Visitor: 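Sharing a structure with you now.
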Amino acid sequence: MKRAKIGLIGLGRQGEQHAINLATRVQGADLVAICDMNEAKLNEVADRYAIPHRVKTFEDLVAIKELDAIAIISPSVFHAKHIEQALAAGKHVFSEKPLGVTMDECIATKKVVEQYPDRLFMLGFMRRFDASYRYAQQKIANGDIGRVVLFRAYSQDPIKYIKGAIAYGPTSGGQFLDMSVHDIDLARWMVGSEPEQMWAIGGCYAYPEFGSYKDGDNVSALMKFKDGAMGFLFAGRTANHGYNIETEIIGTKATLRIASVPQANLVEILDEHGVRKECHDNFLERFELAYVNEMQEFVNCLNEGRKPPVGVEDGYRASLVAYKCREAFETGNLVTTGL
């Protein structure tokens, strides 16, 4: 059976998890090369999983001839450059979002990908590969909830990670691009229509540091879709209860709710605080299987010679909506996308 040979750049929290998945859980693939500037981390991961090639520069990674594809899990500011270099080197590409940290970068990256129609490109919108979201999307597609009236999504990061969020602020692109872009992608996928207008508000309710980046620690947006459906997004960085990803789709016949309580498991704890449920701590825990499933889909596409279900157009459109939300947030004006 054909096995795809994969190289990966970036061994941060997310990158290391992708490396583990490729080395131990994804079928039909061999992780044969990894790249990171942190030599100690690079050697530790390579030794742990017997990965043949370890390099410190992306140029050295794409020069490895046996690689079929590159998984780009580097910091967001390098995505546009790395995508272009990998495609130019003849590699298929899986990249974590975003396509770029400015709209100009996203547009340029879209054009670059379109120059290589013979190469596969997949963007990491992992929530599409979560079993609950896939189930909900299928029910919508089947017409089980009738016409979609409202798409509502909350994305909240634990306050325990606030220092990292502040440090990442200058290069994150803002909360709408960094966090809400996943909800925007889900909205486009589930509603089946493009966001047409939006208005956004929010602020620095606890951490004024975000104000220097023209961002907030909690932001929201109200959207109108081309088919008339409504959308509401909330993104926050100050959740004390844990990592909270909640989605609701209201239809004319029924309502779907996904993770209305962000519980980590089915256990209830009865103690001096009463009855309680523990929440997920972070995105890798909540979407553990989704990360495996999305990479498995990319590998399957490589081995079967078919196009991935999430491509550069999805990344471009979700990024455009996110940037328009940011524009609305900064100006206080109603903004149109032109989609």
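Remember, predicted model here, so these are calculated numbers, not experimental data. These values consider heavy atoms only, across backbone and side chains, with no hydrogens, waters or symmetry-generated copies.
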Visitor: Establish whether Ile64 and Leu8 are linked, either directly or via other cluster members, by ILVMFWY side-chain heavy-atom contacts under 4.5 Å.
Guide: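 Result: yes, single cluster for both.
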
Visitor: Answer yes or no: are there more than 12 heavy-atom neighbours, outside Glu39 itself, under 6.0 Å from its atom CD?
Guide: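 Incorrect, the count does not exceed 12.
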
Visitor: Under the side-chain contact (heavy atoms from CB on, under 4.5 Å) test, which residues partner Asp144, sequence neighbours left out?
Guide: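 side-chain contact (heavy atoms from CB on, under 4.5 Å) check on Asp144 returns Lys139, Asn142.
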
Visitor: Heavy atoms only: give me the nearest Gly311-Asp314 pair and the separation to one decimal.
Guide: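 Looking at all heavy atoms of both residues, the closest pair is N-OD2, 3.0 Å.
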
Visitor: Sort and list the pairs that fulfil salt bridge (Lys or Arg N to Asp or Glu O under 4.0 Å) and have at least one residue in residues 190-208, not counting sequence neighbours.
Guide: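 Passing the test, one end in residues 190-208: Arg188-Glu194, Glu194-Arg317.
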
Visitor: Is it the case that more than 12 heavy atoms not belonging to Arg276 sit under 6.0 Å from its CZ atom?
Guide: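 Correct, the count exceeds 12.
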
Visitor: Do Lys81 and Glu105 meet the salt-bridge criterion of a basic N to acidic O distance under 4.0 Å?
Guide: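 No, no charged N to carboxylate O under 4.0 Å.
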
Visitor: Ring pair (Phe, Tyr, Trp, His ring centres under 6.0 Å): which pairs involve residues 20-64, sequence neighbours left out?
Guide: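 Sorted result for residues 20-64: Phe58-His82.
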
Visitor: Decide yes or no for Ser220 and Leu233: does some side-chain heavy atom of the first lie under 4.5 Å from some side-chain heavy atom of the second?
Guide: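 No. Closest side-chain heavy atoms not under 4.5 Å.
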
Visitor: Just by distance, no angles: are the side chains of Glu96 and Gln14 close enough, under 3.5 Å, to form a donor-acceptor pair?
Guide: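 Looking only at side-chain atoms, Gln14 and Glu96 do form a donor-acceptor pair, the distance falling under 3.5 Å.
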
Visitor: Tell me, yes or no, whether the heavy-atom count around Phe78 atom CZ, taken from other residues, nucleotides or ligands under 6.0 Å, exceeds 12.
Guide: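 At most 12 heavy atoms, drawn from other residues, nucleotides or ligands, come within 6.0 Å of this atom.
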
Visitor: Which heavy atom of Asn218 sits nearest to which heavy atom of Tyr205, and what is that distance?
Guide: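 For Asn218 and Tyr205, the tightest heavy-atom pair comes out as O-CE1, 3.6 Å.
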
Visitor: Using a strict threshold of under 4.0 Å (side-chain N to carboxylate O), is an ion pair present between Arg54 and Glu44?
Guide: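 Result for this pair is no, no salt bridge flagged.
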
Visitor: Within this structure, what is the CE-CG distance for the pair Met198 and Asn333, rounded to the nearest 0.5 Å?
Guide: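 Met198 CE to Asn333 CG: 13.0 Å, rounded to 0.5 Å.
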
Visitor: Counting heavy atoms not belonging to Glu313, are there more than 12 under 6.0 Å from its CD?
Guide: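 Buried by this count: over 12 neighbours within 6.0 Å.
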
Visitor: Is the side chain of Arg152 donor-acceptor paired with the backbone N or O of Glu248 at a distance under 3.5 Å, no angle test?
Guide: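 Judged by distance alone, no pair lies under 3.5 Å.
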
Visitor: So, does Gln263 use its side chain to make a donor-acceptor pair with the main chain of Asn265 at under 3.5 Å?
Guide: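 Yes, the answer is positive, given that a donor and an acceptor are paired below the 3.5 Å cut-off.
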
Visitor: Using a strict threshold of under 4.0 Å (side-chain N to carboxylate O), is an ion pair present between Asp178 and Lys97?
Guide: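 Judged by the 4.0 Å cut-off on N to carboxylate O distance, Lys97 and Asp178 do form a salt bridge.
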
Visitor: Could you please spell out the steps behind the salt bridge (Lys or Arg N to Asp or Glu O under 4.0 Å) verdict for Arg128 and Asp185?
Guide: CA-CA 9 Å; Arg128 292 199 191 198; Asp185 179 66; 2.7 Å; yes

Visitor: So does Leu99 get a backbone contact from the side chain of His79, meaning a donor-acceptor N/O pair under 3.5 Å?
Guide: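 No: the side chain of His79 does not pair with the backbone of Leu99.
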
Visitor: Identify the heavy atoms of Leu320 and Leu339 that sit nearest to each other, and give their distance.
Guide: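 So the two residues come closest at CD2-CD2, 3.6 Å.
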
Visitor: If only atom types and distance count, is the side chain of Asn293 paired as donor or acceptor with the main-chain N or O of Phe129 below 3.5 Å?
Guide: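 Such a contact is found between Asn293 side chain and Phe129 backbone.
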
Visitor: Salt-bridge test for Glu16 and Lys41: reply yes if a basic N is under 4.0 Å from a carboxylate O, no otherwise.
Guide: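 Yes.
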
Visitor: So for atom NZ, which belongs to Lys111, do other residues, nucleotides or ligands contribute more than 12 heavy atoms lying within a distance under 6.0 Å?
Guide: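 No, not enclosed.
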
Visitor: Quick one: do the Gln27 and Gln296 side chains pair a donor with an acceptor below 3.5 Å?
Guide: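 There is no such pair (donor and acceptor under 3.5 Å, judged by atom type) between the side chains of Gln27 and Gln296.
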
Visitor: For Thr252 and Gly146, work out which heavy atoms get closest and say how close.
Guide: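 Closest heavy-atom pair between Thr252 and Gly146: OG1-CA, 3.5 Å.
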
Visitor: Is Phe125 linked to Val101 within one hydrophobic cluster, defined over Ile, Leu, Val, Met, Phe, Trp and Tyr using a side-chain heavy-atom separation of less than 4.5 Å?
Guide: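 Result: no, two separate clusters.
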
Visitor: Membership question, hydrophobic clusters at under 4.5 Å side-chain separation (ILVMFWY): are Met179 and Met190 in the same one?
Guide: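 No, separate clusters.
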
Visitor: Going by heavy atoms in the side chains, are Ile269 and Val275 under 4.5 Å from each other?
Guide: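 Sidechains of Val275 and Ile269: no contact.
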
Visitor: I'd like to check the side-chain contact (heavy atoms from CB on, under 4.5 Å) partners of Arg127; sequence neighbours left out, ordered by chain and number.
Guide: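 Expected list: Tyr133, Ser155, His182, Asp183, Leu186, Tyr243, Ile245, Phe287.
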
Visitor: Does Ser212 use its side chain to pair, donor to acceptor, with the backbone of Glu209 at less than 3.5 Å?
Guide: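 Looks like yes, one N/O pair under 3.5 Å.
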
Visitor: So, are Asp281 and Arg286 salt-bridged, with charged N and O less than 4.0 Å apart?
Guide: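 No, this pair does not count.
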
Visitor: Does the side chain of Val32 come within less than 4.5 Å of Ile51's, by heavy atoms?
Guide: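 Result no, sub-4.5 Å side-chain heavy-atom pair not found.
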
Visitor: Per the ring pair (Phe, Tyr, Trp, His ring centres under 6.0 Å) rule, what does the pair list look like for residues 135-165, sequence neighbours excluded?
Guide: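 Of all non-adjacent pairs touching residues 135-165, those that pass ring pair (Phe, Tyr, Trp, His ring centres under 6.0 Å) are Tyr154-Phe234.
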
Visitor: Work out which heavy atom in Gly242 is nearest to a heavy atom in Ala239; give both atom names and the distance.
Guide: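 Reported closest heavy-atom pair: O-CB, 3.4 Å.
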
Visitor: Is Asp157 salt-bridged to Arg237, going by a charged N under 4.0 Å from an acidic O?
Guide: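 So Asp157 pairs with Arg237 through a salt bridge.
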
Visitor: Following the transitive rule for hydrophobic clusters with a side-chain heavy-atom cut-off under 4.5 Å over Ile, Leu, Val, Met, Phe, Trp and Tyr, establish whether Phe232 and Trp189 coincide in one cluster.
Guide: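 Each belongs to a different hydrophobic cluster.
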
Visitor: What salt bridge (Lys or Arg N to Asp or Glu O under 4.0 Å) pairs are there with at least one residue in residues 212-235, not counting sequence neighbours?
Guide: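 Matches after skipping sequence neighbours: none remain.
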
Visitor: Decide whether Phe298 and Leu289 are clustered together by the hydrophobic rule: side chain heavy atoms of Ile, Leu, Val, Met, Phe, Trp, Tyr closer than 4.5 Å, transitively.
Guide: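 Phe298 does not cluster with Leu289.
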
Visitor: Under 6.0 Å from the CD atom of Glu84, do we count more than 12 heavy atoms belonging to anything else shown?
Guide: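 Counting neighbours around CD of Glu84, 12 or fewer heavy atoms of other residues, nucleotides or ligands fall under 6.0 Å, so no.
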
Visitor: In this structure, is the centre-to-centre distance between the rings of Phe94 and His18 below 6.0 Å?
Guide: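 Yes.
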
